[in-house]
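Encoded as structure tokens, the structure appears first; notes follow it.
Just so we're on the same page: letters track the sequence lines, and every chain starts at 1.
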Amino acid sequence: AQKVTQAQTEISVVEKEDVTLDCVYETRDTTYYLFWYKQPPSGELVFLIRRNSFDEQNEISGRYSWNFQKSTSSFNFTITASQVVDSAVYFCALSEISLQGAQKLVFGQGTRLTINP
Amino acid sequence: DTEVTQTPKHLVMGMTNKKSLKCEQHMGHRAMYWYKQKAKKPPELMFVYSYEKLSINESVPSRFSPECPNSSLLNLHLHALQPEDSALYLCASSQETVPSPGNTIYFGEGSWLTVV
């Protein structure tokens with residue numbers, strides 16, 4: 001079965017610090033996709049990134065970067081020079097096609113990130 | 001701003017009430033989803049509609065009744081709910097030209113439901 005583990009329940013840092021959110025996944029599929037979503041207090045899940053299993057290049061988008069390592073089944077997310085607006089719950093998710101033939105996301109438990117001024 | 005729009009943003013209903021949550025997207029997506037999220041938990045899939053046909057029902061109680069009137073709209077009809085059904089209900093959509101784990105799923109802002 002697919003499984004995503006986000007071991008860090010809560011992280012609190014001071015503004016401008018770098019912070020890394022961990023994500024470890026389990027899958028028997030050879031082709032799979034991983035996602036990160038951000039959920040601010042308003043509730044909306046904001047899509048951040050999608051990564052497929054064949055692309056092991058790290059990704060950088062502004063202050064955000066992602067480190068995908070198939071050897072350790074990890075897809076970690078780093079925020080550089082954190083800002084108060086980065087405060088949110090962050091979810092890592094693994095995508096699968098169900099037996100009924102539709103796509104579903106398997107989420108980790110989420111990491112609540114608090115950036116203090 | 002999200003392109004998946006949900007109404008109402010907040011809903012308080014009694015256990016004998018009948019209400020509906022509405023979701024709309026204009027991205028031409030052909031798959032639409034309802035997820036339920038309890039406090040401090042990840043979202044859990046409830047229903048999936050693909051090309052306006054129900055393709056997944058994750059053993060959701062019949063007091064939740066989904067409806068997909070057309071490719072842009074998704075409703076969730078609520079009847080005789082229990083207080084434990086209080087949660088954030090998230091609608092989402094994806095392009096899904098063909099079912100693929102690589103389709104990006106886009107979420108709305110959610111509807112906060114409180115059952116009293």
**Interface moiety of A/Q6 toward chain B, non-hydrogen atoms closer than 4.5 Å** = neither
**Message:** Looking at A/I60, I want to see if its CD1 is surrounded by more than 12 non-hydrogen atoms of other residues, nucleotides or ligands under 6.0 Å.
**Reply:** no
**Message:** Would you say CD of A/Q57 has more than 12 non-hydrogen atoms from neighbouring residues, nucleotides or ligands within 6.0 angstrom?
**Reply:** no
**Request:** Would you indicate whether A/E96, at its atom CD, is surrounded by more than 12 heavy atoms from other residues, nucleotides or ligands within a distance under 6.0 Å?
**Result:** yes
**Request:** Hey, could you give me the CD/CZ distance between B/Q37 and A/F107, rounded to the nearest 0.5 Å?
**Result:** 8.0 Å
**Complete:** In this structure, NZ of B/K40 is separated from CD of A/E10 (nearest 0.5 Å) by 6.5 Å
**Whether over 12 other heavy atoms sit under 6.0 Å from A/K70 NZ** = yes
**Request:** Indicate if B/V60 and B/L81 have the same hydrophobic cluster label, given that clusters are the connected sets of ILVMFWY residues with side-chain heavy-atom separations under 4.5 angstrom.
**Result:** yes
**Asked** Relative to chain A, which of B/S55, B/G110, B/A92, B/G102 shows the most heavy atom pairs under 4.5 Å?
**Response** B/G102
**Prompt:** What are the two closest non-hydrogen atoms of B/I56 and A/A102, and how far apart are they?
**Reply:** CD1-CB, 3.6 Å
**Prompt:** Between CG of B/N103 and CD1 of A/I97, what distance do you get to the nearest 0.5 Å?
**Reply:** 7.0 Å
**Request:** Check each atom of A/L34 against the heavy atoms of chain B and say whether the ones under 4.5 Å are side chain, backbone, both or neither.
**Result:** neither
**Item:** Contact class of A/Q109 relative to chain B, heavy atoms under 4.5 angstrom
**Value:** both
**Message:** Is it the case that atom NZ in A/K16 sees more than 12 heavy atoms from other parts of the structure closer than 6.0 Å?
**Reply:** no
**Prompt:** Rounded to the nearest 0.5 Å, what separation is found between the OG1 atom of B/T104 and the CG atom of A/L48?
**Reply:** 11.5 Å
**Complete:** Closest non-hydrogen contact found for B/W112 with A/P41 is CZ2-O, 3.9 Å
**Item:** For chain B, the option from A/R51, A/K104, A/R112 that forms the most heavy-atom pairs under 4.5 Å
**Value:** A/K104
**Prompt:** If you measure from CG on B/L45 to CD on A/Q103, what distance do you get to the nearest 0.5 Å?
**Reply:** 10.0 Å
**Request:** Using the rule that two of Ile, Leu, Val, Met, Phe, Trp, Tyr join whenever any of their side-chain heavy atoms come within less than 4.5 Å, decide whether A/F35 and A/L113 are in one cluster.
**Result:** no
**Prompt:** Which heavy atom in B/F107 sits nearest to a heavy atom in A/L45, and how many Å separate them?
**Reply:** CB-O, 3.6 Å
**Prompt:** Can B/Y106 be reached from A/W36 by stepping across I, L, V, M, F, W or Y side chains whose heavy atoms are under 4.5 Å apart?
**Reply:** no
**Item:** Per-residue contact mode, A/Y37 against chain B (heavy atom under 4.5 angstrom)
**Value:** side chain
**Item:** Interchain contact, B/E58 with chain A, by part (heavy-atom threshold 4.5 Å)
**Value:** side chain
**Prompt:** Do the side chains of B/M15 and B/L113 join up, straight or via other hydrophobic residues, at under 4.5 Å, putting them in one cluster?
**Reply:** yes
**Message:** I'd like to know if B/Y89 and B/L78 are part of one continuous hydrophobic network [Ile/Leu/Val/Met/Phe/Trp/Tyr, side-chain heavy atoms within less than 4.5 Å].
**Reply:** yes
